[in-house]
Amino acid sequence: MPELPEVETTARGIRSHIESRKILDVKIRNNRLRWPVDNNLSKILASQTLKSVTRRAKYLLLNFETGTLIIHLGMSGSLRVITEPTELKKHDHISLFFDNEIELRYHDPRRFGAMLWTEELIEQHPLFIKLGPEPSEILDPDYLYKLSRDKKAAIKSFIMDNHHIVGVGNIYANEALFLSGIHPKRAAGKISKARFRVLQTHIQAVLKKAIEQGGTTLRDFVNSDGQPGYFAQQLNVYGKAGESCPVCETTIKSLTIAQRNTFYCPNCQR
DNA sequence: AAGGATTCCTGTTGGC
DNA sequence: TGCCAACAGGAATCCT
C-alpha cells in the first residue's frame, strides 16, 4: 500500500539509475490500469531523454523533453529497477527500457494505479490542478484550521482529502490523529485552532519521519522486490484493534469512516 | 456545494 | 483441507 513516503522512496530509488538516460523502447503487456495506458507510449517516448524524476502528492513524474509521464502506484503498484535479465512475474504490466541497459518495470496486481502521458504543464493537468499543498510545504501553522471552518465532515475525512492537503493516506491519518489526541469522527469545523496546530504539526512530522526511514533502505532498492522497507516504522493504532493503547493501555477500537477502516484510542482521543 | 457512496481489481484472510 | 465470500484500499467519479 504505497503511502506518500513509499512513493518518495521509490522516486529516490529509481532516480540515479534513469535520469538523463534515453528511452529505447516501451513494452506494454497489459494496458488496463485505472485508465487505459496509451498504446502509442513507445512511439511517443522512443529516443526521448528523461530529464528528471520528481513527485507531486502520490504521483511519480517522469519529466521528458516534450511532456510528462505520470505514474501512480495505486495501492498495490511498484516500480523496480532491473539491471540483468529477470523473469517476468505475473502483473509485470509495463517496462521502460533505457539506453544504459536499465529496465524500469511496473508491477501492479490490483491495477488501481495509472500511467498517463501528458504534454500539459503538470500543475494545469486535471489530476493536479485542484491538489492541495505538500505537507512539507505548508508554512502557515493555521493553514488546515482556516480551511476547516464550517466543514462538517469528520476530521479524518478532512485530512485525507487531497484538495486540502496531499499525501495523507489511511495509515498516517490514523496515526496523526492518535498523536494529536483527536477523535477521528469529530467534525473538522469544530476543532480549535490550538488542536489543529498540533494536528498539522503531527501530520508533517509523521510523514517526514516515514520518508527518512524509507530512505534508510534505499541501498537495497534495486534488488528488493520493489517494496521499500518503510514498514519498519512503528505504528501506534493502525491495524491494532483489540490491542492496548501504548499510552494508557485502553483497548484500541475500530470503526468505519468513509468506507475506510479507522483505529483510535477511546480514552486518548476525544 | 458539500459530503457520502460507488467503483475499479486481485491477493489474502477468515469462516465453515 | 478446500472452497468461497468478505475484505482491503487511493482517489476519481457519481449521487443525493
Could you work out which one of [options] sits closest to the side chain of [X]?
X	options	result
A/Trp35	C/dG10, C/dT13, B/dT6	C/dT13
A/Phe112	B/dG3, C/dA12, C/dG9	C/dG9
A/Lys90	C/dA11, B/dG11, C/dG9	B/dG11

Atom of A/Arg186, atom of A/Arg195 and distance for their closest heavy-atom approach: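 That would be NE-NH1, 3.7 Å.
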Please report the closest heavy-atom contact between A/His107 and A/Lys90, naming both atoms and the distance.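 That closest heavy-atom pairing would be CE1-O, 2.9 Å.
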Using a cut-off of 4.0 Å on non-hydrogen atoms, how would the nucleic acid contact of [X] be classed: base, sugar-phosphate, or nothing?
X	answer
A/Ala153	sugar-phosphate
A/Arg260	base
A/Phe158	nothing
A/Leu127	sugar-phosphate
A/Asn261	sugar-phosphate
A/Arg34	base

Classify the ring geometry between A/Phe128 and A/Tyr59 as parallel (under 30°), tilted (30 to 60°) or perpendicular (over 60°).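 Tilted: the ring planes of A/Phe128 and A/Tyr59 meet at 30° to 60°.
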Does the plane of the ring in A/Tyr106 sit parallel, tilted or perpendicular to the ring in A/His93? Use 30° and 60° as the thresholds.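 Taking A/His93 first and then A/Tyr106, their aromatic rings sit tilted (interplane angle of 30° to 60°).
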Is the shortest side-chain N/O distance from A/Lys58 to OP1 or OP2 of C/dA11 below 4.0 Å?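 Checking A/Lys58 against C/dA11: at least one side-chain N or O falls below 4.0 Å of OP1 or OP2.
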Below 4.0 Å: OP1/OP2 of C/dA11 and any side-chain N or O of A/His72: yes
Roughly, in whole Å, what's the span from [atom1] in [X] to [atom2] in [N]?
X	N	atom1	atom2	value
A/Tyr59	C/dG10	OH	C1'	9 Å
A/Arg111	B/dT7	CZ	P	18 Å
A/His164	B/dA1	NE2	P	15 Å
A/Ile71	C/dG10	CD1	C1'	16 Å
A/Arg110	C/dC7	CZ	P	14 Å
A/Glu3	C/dG10	CD	C1'	9 Å
A/Ile159	B/dG3	CD1	P	15 Å
A/Asp161	C/dA12	CG	P	9 Å

On DNA chain B, compare the nucleotides closest to A/Lys151 and A/Gln259; which residue's is nearer the 5' end?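 Counting from the 5' end, the first nearest nucleotide belongs to A/Lys151.
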Per side-chain contact (heavy atoms from CB on, under 4.5 Å), A/Lys156 is matched among A/Ile182, A/Leu255, A/Asn174 by A/Asn174
